[in-house]
Amino acid sequence: MPAETAEFNNLSSRLKKAGISDETYQWYGFVLGLISKGFSPQERSIVQLCAEFLNDNQPLPGTLIAELTSISLDCKIACEEQDKDILKFPDNKQLKRYRLEALSDLAYGLTLSLPIDVKKGKMGRISDPQLLDDLRSLSEIAKVDQDSEFAEEDLSEILDFIRELIFKYYSKNRT
């Protein structure tokens with residue numbers, strides 16, 4: 001199994017073992033967005049925001065809290081190193097539907113977390129035009145038809161856009 005898919009499957013498996021049954025990659029996108037916005041992996045606010053946004057404001061089990069903390073640390077390291085494999089995305093040997101579903105989940109998780117400010121908390125109205133533009137782009141990506149055909153080059157460009165977006169916000173919000 002190629003390394004990219006192995007990393008994606010490992011991440012998904014870790015989250016499922018910790019109690020996430022569906023859309024595990026949304027959780028990853030959400031945490032990745034929070035880290036890129038300046039949240040520290042050790043902050044309890046990451047877990048609280050995950051519970052609020054992704055778990056109907058219900059408490060998270062201890063195993064999931066531990067896993068989210070571990071993933072947050074991995075995300076921070078990947079952001080610091082500008083690791084090109086930060087997305088842990090399934091490779092082109094996987095079914096297209098599987099890959100498009102992962103893309104949609106990643107983009108959706110990011111659209112939820114990027115408007116959150118480490119100092120101000122959740123934003124009501126977004127005043128930063130660049131953030132608003134990036135959120136619109138991610139929102140369109142999240143709407144991808146999972147049964148559609150796509151060119152591998154197009155998907156690669158979208159993933160490059162998302163990767164650069166994460167690095168841009170991480171650099172901008174570094175504390």
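We count residues from 1, following the sequence as given. Computation of the quantities below employed the complete heavy-atom set of this structure, encompassing side-chain atoms and omitting hydrogens, waters and symmetry-equivalent molecules.
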So, are [X] and [Y] salt-bridged, with charged N and O less than 4.0 Å apart?
X      : Y      : result
Lys168 : Asp134 : yes
Glu80  : Lys76  : yes
Asp133 : Arg136 : no
Asp83  : Lys88  : no

When you measure from the side chain of [X] to the backbone of [Y], do you find a donor-acceptor pair of N or O atoms at a distance under 3.5 Å?
X      : Y      : value
Ser70  : Ala66  : no
Ser12  : Asn9   : no
Glu81  : Ala78  : no
Ser104 : Ala142 : yes
Ser156 : Glu152 : no
Arg163 : Lys84  : yes
Ser148 : Asp145 : yes
Arg174 : Gly38  : no
Asp128 : Gln130 : yes

Passing option when Pro41 is tested against Ile35, Val31, Ile71 for side chain to side chain contact (heavy atoms under 4.5 Å, CB included): Ile35
Can you hop from [X] to [Y] via hydrophobic side chains spaced under 4.5 Å?
X      : Y      : value
Ile126 : Ile166 : yes
Val118 : Leu110 : yes
Leu132 : Ile141 : yes
Leu32  : Phe161 : yes

Side-chain donor-acceptor contact under 3.5 Å, [X] with [Y]:
X      : Y      : value
Tyr28  : Asp105 : no
Arg14  : Thr24  : no
Thr111 : Ser139 : no

Side chain to side chain contact (heavy atoms under 4.5 Å, CB included) between Glu43 and Thr69, intermediate numbers included: CA-CA 9 Å; Glu43 288 181 41; Thr69 302; over 6 Å; no
Arg99 vs Asn92, side chain to side chain contact (heavy atoms under 4.5 Å, CB included): CA-CA, chis, key distance, verdict: CA-CA 8 Å; Arg99 297 176 77 216; Asn92 62 5; 3.6 Å; yes
Rounded at 0.5 Å granularity, tell me how far [atom1] in [X] sits from [atom2] in [Y].
X      : Y      : atom1 : atom2 : answer
Leu165 : Leu114 : CG    : CG    : 6.0 Å
Cys79  : Asp74  : SG    : CG    : 11.0 Å
Tyr169 : Ser36  : OH    : OG    : 8.5 Å
Ser113 : Ile46  : OG    : CD1   : 10.0 Å
Leu54  : Trp27  : CG    : CH2   : 5.0 Å

Asp56, CG: over 12 other non-hydrogen atoms inside 6.0 angstrom: no
Side-chain contact, heavy-atom cut-off 4.5 Å: [X] with [Y]?
X      : Y      : answer
Ile20  : Glu67  : no
Lys37  : Ile116 : no
Leu159 : Leu103 : yes
Ile158 : Val144 : no

Working for side chain to side chain contact (heavy atoms under 4.5 Å, CB included), residues Leu60 and Cys50: CA-CA 8 Å; Leu60 302 177; Cys50 284; 4.1 Å; yes
Aromatic ring proximity, centroids under 6.0 angstrom, Tyr98 and Phe8: yes
For the student: nearest non-hydrogen atoms of Leu64 and Ala18, plus distance: CB-O, 3.4 Å
Stepwise side chain to side chain contact (heavy atoms under 4.5 Å, CB included) check, Asn173 with Phe39: CA-CA 9 Å; Asn173 294 293; Phe39 284 83; over 6 Å; no
